[in-house]
Amino acid sequence: MRILLLGSGGREHALAWRISQSPRCTALFIAPGNAGTKELGQHFSFGVTDFEAIRACCVDQSIDMVVVGPEEPLVKGLVEYLRAEPLLKSLSIIGPGQEGAALEGSKAFAKAFLQRHGIPTASYREFTKENYQEGLAYLQNHTLPIVLKADGLAAGKGVLICNSHKEALEGFEEMIQSAKFGEAGKKVVVEEFLQGIEISVFVLTDGKNYVLLPEAKDYKRIGEGDSGLNTGGMGAVSPVPFVDGTLWNKIKTRVVEPTIIGLQKDSISYCGFIFIGFMIVKDEPFVIEYNCRMGDPETEVVMPRLQTDLVELLAAAAAGELKNQSIKTDPRTACTVVAVSGGYPEDYKKGFPIQGLDQLPASSLVFHMGTQQKGEQIVTNGGRVLAVTAFGNSISEAAAAARTIQDAIQFEGKYYRSDIGFEFK
Ligand code: AMP
Ligand code: GLY
């Protein structure tokens, strides 16, 4: 099978690593990729939203399967674009069409979906310019904290957790009247605050059947002890110790199955990943978000634990035959620790040489997130630069092993959180 993988982050490096190990993969192409994915497949420089270049590549290279890493091309209609090409009738695409992707692309769409299908989630209301005054009154009477969400994609920055009414009213005004998040924020979801522990659950579905990949917990804050600004994710662990059989069963029966049935009832065909962000409140699962893709850095712990052939699973999803698949998982704990550029998640510089990568033990799992090959040298090319994953018999053992490898890699301004998994030690 000739496979084209779209994306350039740690998620795509981890996917490319697993895909390239499959005997079913005869050729892997990656666009645009990063310095780490270079050794796993042939690269093209076009971007993930260059639909015409993607279409032409699929035709020219006789691609059998496209695996879409990030959400943006899906939300913008890549699947419909490729489906319109008569020469690509037999192309398999891992990633949903625009309607399915709206589960991530529109918070209001996702909330209405959850409510319509009786799936547990925080109660909410949505507001636009039209009912702005009503929104102000609603906020003034809302219990604190108040959660405000810009409706559309806002690069992970569209959620405000407000601890005062003043903050909520200002945030609301900025989103709707001043269009702080552009079009994405012109509709706002106001949501009840849920106090609990977040986990990430990954479903691969063909639209009717599904398999569940190992769950993970992501560490979003920049600082130790979960302090400071939000980031794309500073590390992850899998499995999550408190997720036992009882909770897993609730997740399956109350959320995953109703989600798949809901897609069918709404006539939304869906082939791909659904990443469900949960808040576990007193042992009860609530959905806080859907994503139409895998998580980053969660993929960097999920893929190393996945022992089933990934291409086999993806091919089964594309063929509508996931019913016959089961998942085999490494029982050990995986922990990934993300190294970021100094200053991230605020301003940071790119282009610093990265040292030490070529002296690591061969078995090291280093997933590039924001790197670039410049001649002989690999340099930093993003806020999040490298995720190092290691296994252990416990979270502390896996985390310590990941830090040991991180310490052998250097670049100017490098920072990582040394406490990933801290609450489970
Ligand atoms: P989202 O973009 O929906 O994942 O939201 C970003 C982050 O905001 C989540 O990872 C949570 O930490 C937090 N969050 C979102 N919704 C809620 C909620 N209803 N209650 C508490 N925290 C939330
Ligand atoms: N790590 C969270 C995300 O990928 O959205």
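Counting starts at 1 for both ligands and their atoms, in listed order.
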Specify whether Y344 and Y348 have parallel, tilted or perpendicular ring planes, treating 30° as the upper limit for parallel and 60° as the lower limit for perpendicular. perpendicular
Going by the closest heavy atom to atom 4 (O) of ligand 2, which one wins out of D296, V338, N291, T299? D296
In terms of atom number and element, which parts of ligand 1 are under 4.0 angstrom from non-hydrogen atoms of M279? 21 (C), 22 (N)
Below the 3.5 angstrom mark, is there an N/O of L194, backbone or side chain, next to an N/O of ligand 1? yes
Heavy-atom nearest option to atom 18 (C) of ligand 1, drawn from K107, K149, E104, E191: E191
Residue-ligand contact G295/ligand 2, heavy atom below 4.0 Å: yes
Heavy-atom contacts with E198 under 4.0 Å: which atoms of ligand 1 show up? List them by number with element. 9 (C), 10 (O), 11 (C), 12 (O)
More than 12 foreign heavy atoms under 6.0 Å from CG of D347: is that the case here? no
Quick one: does G232 get a heavy atom under 4.0 Å from ligand 2? yes
Is there a donor in the side chain of S123 and an acceptor in the side chain of E192, or the other way round, less than 3.5 Å apart? yes
Under 4.0 Å, heavy atoms only, figure out whether ligand 1 is touched by the backbone of N230, its side chain, both or neither. neither
Report, in ascending order of atom number, the atoms of ligand 1 lying under 4.0 Å from any heavy atom of F193. 20 (N), 21 (C), 22 (N)
Nearest non-hydrogen atom to atom 5 (O) of ligand 1 belongs to which of L153, L160, V159? V159
Do R417 and Y219 form a cation-pi contact, if we require the NZ or CZ to be under 6.0 Å from the six-membered ring centre and within 45 degrees of the ring's axis? no
Polar contact flag, side-chain donor to acceptor under 3.5 angstrom, Q406-R403: no
Looking only at side chains, do S418 and E224 share a donor and an acceptor under 3.5 Å apart? yes
Once you restrict to heavy atoms under 4.0 Å, what part of E192 touches ligand 1? Side chain, backbone, both or neither. backbone
Within the 3.5 Å criterion, strictly below it, is a donor on Y210 or E257 matched to an acceptor on the partner's side chain? yes
Closer than 4.0 angstrom: is that true for some heavy atom of Q195 and an atom of ligand 1? no
Do S106 and D151 have a side chain donor and acceptor closer than 3.5 Å? yes
Using a 4.0 Å cutoff against the non-hydrogen atoms of I161, which atoms of ligand 1 qualify? 13 (C), 14 (N), 22 (N), 23 (C)
For R11, is the nearest heavy atom under 4.0 Å from an atom of ligand 2? no
Taking atom types as modelled, is there a side-chain donor on N381 or H368 under 3.5 Å from an acceptor on the other? no
A student comparing E298, R293, M294 should find that the heavy atom closest to atom 5 (O) of ligand 2 comes from R293
Starting from atom 2 (C) of ligand 2, which protein heavy atom do you reach first, and at what distance in Å? D218 OD2, 3.4 Å
Any ion pair linking K107 and E191 (charged N to carboxylate O, less than 4.0 Å)? no
